[in-house]
Amino acid sequence: MTDLPTTHVNLKGVLTSSAPTADHSEGMSYLQSVPRRLVTLYLPLSIIVFVLLFPFYWMGLTAVKPDAQLLDMDTYSPFWTWNPTFKHFYKLLFESHYPMWLWNTMYVAVCATFLSIVASVLAAYAIVRLRYKGANVVGGLIFLAYLVPPSILFIPLATVVFQYGLFDSPLALILTYPTILIPFSTWLLMGYFKTIPFELEECALIDGASRWQILIKIVLPLAVPGLISAFIFCFTLCWNEFIYALTFLQSVQNKTVPVAIVNEFVDGDVYRWGSLMAGALAGSLPLVILYAFFVEHYVSAMTGAVKE
Amino acid sequence: MADIAFAPAKAKSQIREATSWDQLKHNHNWLGFWFMVPAMAFLILFLAYPLGLGVWLSFTDTKIGRVGQFIGYENYEWLWDDAVFWLSVFNTLLYTFLASAIKFGIGLYLALLLNENMPFKAMLRAMVLIPFIVPTVLSALAFWWIFDSQFSIISWSLKHLGLISQNINFLGDTTWARICVIFANIWRGVPFVAITLLAGLQTVSPSLYEAATLDGASRWQMFRHITYPLLTPIIAVVMTFSVLFTFTDFQLIWAMTRGGPVNATHLMATLSYQRAIIGGQLGEGAAIASAMIPFLLGAIMISWFGLQRRKWQQGESND
């Protein structure tokens, strides 16, 4: 576990090839001729990237196509449109509950992420630095909690949520999402805390600082990249979450984007495809934008738990 | 005299420091406890307790709105004779096995391709990850539209290429529906596998490849004897996660087929949702969900040994 600092450098290198220490790939590519590289590298790569990105092109195109062109594939080429329309987005934003669903998703995601990170910071610090009796066991248990999937929990949780009187309220999600987020972010933050020199804390202890002061004034400022990673990953997971939101929420106004789109737009009516794709696109955009700004953090968060 | 007076004072200060350190050491357990309270409260109230409750529910005949009675193994006996349940087990195993194997194959291949030196490398790597970031349900809807029975772009393209004469009924035909959901799962999972393995690949020292080249090793030999052994630990962990989350997948199926046609794509998770929440048979649904636990335990064991092996390979102690 001592390899974490180098690990993070390498993870950064995955997406920023400018980092000289991280990238070993320059090596021996000159040994290959250009036509050979074309067949062994560029061709398969472009096929895979095309397949990975095509659904988004298709989503975007459908979202701006007029309905008539959408369903008449003989007169119009399905791959392009010369008359894009924003009617679907207009309908989405002004004639449906979509803004409210977006707000619900945002609200739940921010609250659950915040709660989880507070709990994870405390837990990770205690496991790594306080080294209390049984810290290793608790660390292992938290890792195991990460492996318990929501698919086997949602039925008993539904009864629990009902008993606590939280059914059909955003609070049900805000309180249950942390069980998914805490294990992951604790594990991630443990890795970051280990990279902070212990001597800094010893000095502060000798100067008479309390554990709380050390955590707030020394450890947290140094762990900001880790906190950003944890935040982004937790936020993404919340935004993605489906089964709890599907089970615990009932009224249309309370739903989150993924559940609402599946339930409210899908009624077998073919004329809704435009709105459906517009909704899917608009629901994905916030995450893609967030991701674009924090790519490196995202990747280190994603692989962080695996690396540990 | 001055010396004598000084010495005890010094000793005293040493003792005081020692005791404050001791005190801190003794307090560690209590401090640790208080720091753990928030995380533990969440995990016990909303994870450990429901997990136990779920197993308990599977032994009762609880229905929505009615507290159940303990009925022993009856739910399980019932499931044992239920063809749809066994079909869902078969589907889940097929789905997990095929999707994980292909995800691994393509993910590793993609990681090796992305590890090469080429223009726009950073941008390409960032773009590859997008399917993983977009909410699964929303991308599943895109696939729903791509696989539409009437307006599928795939059917259209194949028809215009003259390869087929009829639209393919992608999500209405049992075999095609299975292929489609597995494809969507692979599409979503490949970026995760690829980027994680790429991170692993970058820790392999290039000097090993240089040495192998000088010794006249072929590309396959280099992969087999350098890349693969060094990647094994991370492969073990990534694939355990991949298997675990594919096995318990719910949202992709629910958004694309809801288990249909004729239950051909029902996984254990979707079947338990259908029986418990839509059908109201909480006890039976809980039994289906609990039936997943042995499989998950198996995967966790593999993950555990994978991690252990990794530590051992790095020559680290188990701290």
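Chain letters run A, B, ... following the sequence lines, proteins first and then strands; every chain starts at 1.
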Which atoms of [X] come close to chain A, meaning under 4.5 Å heavy atom to heavy atom: side chain ones, backbone ones, both, or neither?
| X | answer |
| --- | --- |
| B/Met127 | both |
| B/Trp156 | side chain |
| B/Ile277 | side chain |
| B/Leu57 | side chain |
| B/Leu51 | both |
| B/Phe247 | neither |
| B/Leu244 | side chain |
| B/Leu267 | neither |
| B/Phe120 | neither |
| B/Ile293 | side chain |
| B/Ser207 | neither |

Quick one: CD1 on A/Ile152 to OG on B/Ser290, what's the gap to the nearest 0.5 Å?
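If we round to the nearest 0.5 Å, A/Ile152:CD1 and B/Ser290:OG are 7.5 Å apart.
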Can you measure from OG1 (A/Thr62) to CG (B/Leu141) and round to the nearest 0.5 angstrom?
11.5 Å
Would you call the rings of A/Phe143 and B/Phe241 parallel, tilted or perpendicular if under 30° counts as parallel and over 60° as perpendicular?
perpendicular
Once you measure the plane-to-plane angle for B/Trp187 and A/Phe56, does it fall in the parallel (<30°), tilted (30-60°) or perpendicular (>60°) bin?
tilted
Under a 4.5 Å heavy-atom cut-off, does chain B meet the side chain of [X], its backbone, both or neither?
| X | answer |
| --- | --- |
| A/Thr236 | side chain |
| A/Ile182 | side chain |
| A/Val49 | side chain |
| A/Leu52 | both |
| A/Leu175 | both |
| A/Thr159 | side chain |
| A/Ile180 | neither |
| A/Tyr42 | side chain |

Which one wins on heavy-atom pair count under 4.5 Å against chain A: [options]?
| options | result |
| --- | --- |
| B/Leu296, B/Val190, B/Ile146 | B/Ile146 |
| B/Trp56, B/Phe132, B/Phe143 | B/Phe132 |
| B/Gly52, B/Pro38, B/Pro131 | B/Pro131 |

Would you please indicate yes or no on a ring centroid separation below 6.0 angstrom for B/Phe33 and A/Tyr132?
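Not close enough - the centres of the two rings lie 6.0 Å or further apart.
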Verify whether the ring centers belonging to B/Trp34 and A/Trp212 lie closer than 6.0 Å.
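Between A/Trp212 and B/Trp34, which both carry aromatic rings, the centre distance is not below 6.0 Å.
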Are [X] and [Y] close enough that some pair of their side-chain heavy atoms sits under 4.5 Å apart?
| X | Y | answer |
| --- | --- | --- |
| B/Gln251 | A/Leu246 | no |
| B/Glu116 | A/Arg37 | yes |
| B/Met118 | A/Leu45 | yes |
| A/Pro183 | B/Leu43 | yes |
| A/Val262 | B/Arg258 | yes |
| B/Tyr273 | A/Ile155 | no |
| A/Trp58 | B/Ile153 | yes |
| A/Ile127 | B/Phe35 | no |

Heavy-atom closest contact (B/Val137 atom, A/Pro258 atom, distance):
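What the structure gives for the nearest pair is CG1-O, 3.9 Å.
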Sole candidate of A/Val257, A/Leu237, A/Asn240, A/Ile261 that passes side-chain contact (heavy atoms from CB on, under 4.5 Å) when paired with B/Pro135:
A/Asn240
Largest heavy-atom contact set with chain B, pairs under 4.5 Å, which of A/Val138, A/Leu53, A/Leu153
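Highest number of heavy-atom pairs under 4.5 Å: A/Leu153.
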